[in-house]
Amino acid sequence: MTSAPAPRPARPLPAVELRVPTEEDAWHWHHVFNDPQVMEFHGGAPAELSVYEELTARQRRHHAELGFCLYTLLDPADGAVIGFTGAQPWPCEWGPAGEIEIGWRLGRAYWGKGYATTAAERALDAVRTAGVQRVVAMVDARNARSIAVTRRLGMHRAETVTPPTGNRTAYCHRLDL
């Protein structure tokens with residue numbers, strides 16, 4: 001009789017530091033995300049600096065008004081900006097309009113090390129503290145890494161969404177807090 005393989009031991013998650021984005025973080029986000037692999041599921045091409053200037057300003061407003069935002073994610077070992085994670089109101093009219101979306105994006109050098117999961121767990125704490133009852137995560141159906149993060153967070157796939165561009169499929173994952 002063959003026994004089931006033993007579960008893999010959970011690896012320790014790395015320490016992370018989150019901060020409300022500064023004006024300077026627009027440049028850092030632009031720099032760390034200036035990679036076609038990083039942007040594969042976010043439009044394909046690196047965004048202009050002005051996109052990140054607007055995004056970081058919006059996140060500062062979200063934090064002031066809502067108590068949470070997409071936070072700048074720092075490597076505590078050296079203070080380097082490695083990406084962002086956090087939550088914000090879903091910014092589109094299609095999909096889970098009116099809901100709070102949790103999300104993450106990391107520079108390529110930081111993939112596969114547990115940063116996204118650790119940072120997302122910390123961001124969920126801020127969302128809970130603000131009184132949010134449920135979050136969603138919209139993930140491109142081809143993005144296996146982010147789908148794995150949703151599973152580690154305890155989210156479940158609730159629906160399949162085709163954005164108005166119609167050129168890809170996304171999964172809407174949900175988590176009751």
Side-chain angles (χ1 to χ4, degrees), residues 16-76 79-108 110-111 115-140 143 145-146 149-150 153 155 161-165 167-168 170-175 177:
V16 295
E17 186 177 325
L18 303 179
R19 74 168 177 225
V20 175
T22 64
E23 288 183 27
E24 295 79 23
D25 285 337
W27 183 87
H28 292 292
W29 289 7
H30 175 69
H31 177 73
V32 78
F33 302 146
N34 192 17
D35 179 326
Q37 284 186 301
V38 171
M39 297 306 292
E40 177 181 4
F41 305 114
H42 306 284
E48 296 294 323
L49 176 60
S50 62
V51 170
Y52 296 110
E53 290 169 338
E54 190 281 326
L55 184 57
T56 55
R58 185 170 7 119
Q59 298 314 310
R60 289 189 295 280
R61 283 192 309 275
H62 286 329
H63 191 267
E65 295 168 5
L66 304 172
F68 57 85
C69 65
L70 292 176
Y71 298 96
T72 295
L73 176 55
L74 304 167
D75 183 341
V81 171
I82 64 174
F84 66 63
T85 191
Q88 65 175 346
W90 174 248
C92 303
E93 293 183 20
W94 56 272
E99 297 198 57
I100 301 300
E101 182 200 28
I102 186 165
W104 46 86
R105 187 180 311 165
L106 278 69
R108 176 70 185 94
Y110 303 97
W111 291 2
Y115 287 110
T117 301
T118 301
E121 288 173 347
R122 295 260 321 271
L124 284 172
D125 290 341
V127 171
R128 281 186 192 95
T129 299
V132 173
Q133 301 293 312
R134 180 172 73 177
V135 294
V136 299
M138 289 292 290
V139 179
D140 187 295
N143 190 342
R145 286 181 173 89
S146 281
V149 172
T150 66
L153 295 173
M155 301 184 90
V161 178
T162 303
T165 57
N167 62 356
R168 61 190 172 103
Y171 296 139
C172 180
H173 300 265
R174 296 186 185 281
L175 177 65
L177 304 173

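Everything quoted here is computed from the prediction, not taken from an experiment. Computed over heavy atoms, backbone and side chain alike; hydrogens, waters and symmetry mates excluded.
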Legend entry - Residues that W90 engages under ring pair (Phe, Tyr, Trp, His ring centres under 6.0 Å), provided they are two or more places apart: W94
Legend entry - Non-hydrogen side-chain atoms of Y110 and D75 separated by less than 4.5 Å: yes
Legend entry - Distance in Å, T117 OG1 paired with R122 CZ, rounded so as to fall on 0.5 Å steps: 14.0 Å
Inset, instruction - Output the distance between atom CZ (F68) and atom NE2 (H63), rounded to the nearest 0.5 Å. - result: 10.0 Å
Inset, instruction - Could you pull out the closest heavy-atom pair between L153 and A120, with the gap in Å? - result: CD1-CB, 3.8 Å
Inset, instruction - Walk me through it: do R19 and V81 pass the test side-chain contact (heavy atoms from CB on, under 4.5 Å)? - result: CA-CA 10 Å; R19 74 168 177 225; V81 171; 4.0 Å; yes
Legend entry - Rounded distance (nearest 0.5 Å) linking atom CH2 of W111 with atom CD1 of I82: 13.5 Å
Legend entry - Heavy-atom pair with the smallest gap, counting every atom of A47 and M39: N-CE, 4.5 Å
Inset, instruction - Output all residues satisfying ring pair (Phe, Tyr, Trp, His ring centres under 6.0 Å) with H62, sequence neighbours left out; order by chain, then residue number. - result: none
Inset, instruction - Please report the closest heavy-atom contact between E93 and A97, naming both atoms and the distance. - result: O-CB, 3.8 Å
Inset, instruction - For T22 and E24, test the side chains for any donor-to-acceptor distance below 3.5 angstrom and give the result as yes or no. - result: yes
Inset, instruction - With the side chain counted from C-beta on, respond yes when E23 and T56 share a heavy-atom pair under 4.5 Å apart, and no when they do not. - result: no
Inset, instruction - Can you see which heavy atom on W104 is nearest to which on A116, and at what distance? - result: CD1-CB, 4.0 Å
Legend entry - Heavy-atom side-chain contact between P96 and E101 under 4.5 Å: no
Inset, instruction - Could you grab the distance from atom CG of D25 to atom CG of L55, nearest 0.5 Å is fine? - result: 10.5 Å
Inset, instruction - Indicate the atoms forming the closest heavy-atom contact of V16 with T118, along with that distance. - result: CG2-CG2, 3.7 Å
Legend entry - Shortest non-hydrogen contact between M155 and V136, atoms and distance: CE-C, 3.8 Å
Inset, instruction - May I ask you to test the R105-L70 pair for a side-chain heavy-atom distance under 4.5 Å? - result: no
Inset, instruction - With side-chain contact (heavy atoms from CB on, under 4.5 Å) as the test, would you mind laying out the steps for Y115 and T85 before giving the verdict? - result: CA-CA 10 Å; Y115 287 110; T85 191; over 6 Å; no
Inset, instruction - Measure the CG-CG distance between D35 and L106 for me, rounded to the nearest 0.5 Å. - result: 12.0 Å
Inset, instruction - Would you indicate whether the side-chain heavy atoms of Y171 and V161 approach each other to under 4.5 Å? - result: no
Inset, instruction - Measure the CD-CD1 distance between Q88 and I102 for me, rounded to the nearest 0.5 Å. - result: 11.0 Å
Legend entry - Student check: side-chain heavy atoms of C69 and R60 closer than 4.5 Å: no
Legend entry - Flag for T72-W29: side-chain donor and acceptor within less than 3.5 Å: yes
Inset, instruction - Please tell me if the side chains of L177 and Q133 come closer than 4.5 Å, counting only heavy atoms from C-beta onward. - result: no
Inset, instruction - Look at the rings of F84 and F33 and say which category their plane angle falls in: under 30° parallel, 30 to 60° tilted, over 60° perpendicular. - result: perpendicular
Inset, instruction - Report the residues that fulfil ring pair (Phe, Tyr, Trp, His ring centres under 6.0 Å) with H42, sequence neighbours left out, ordered by chain and then residue number. - result: none
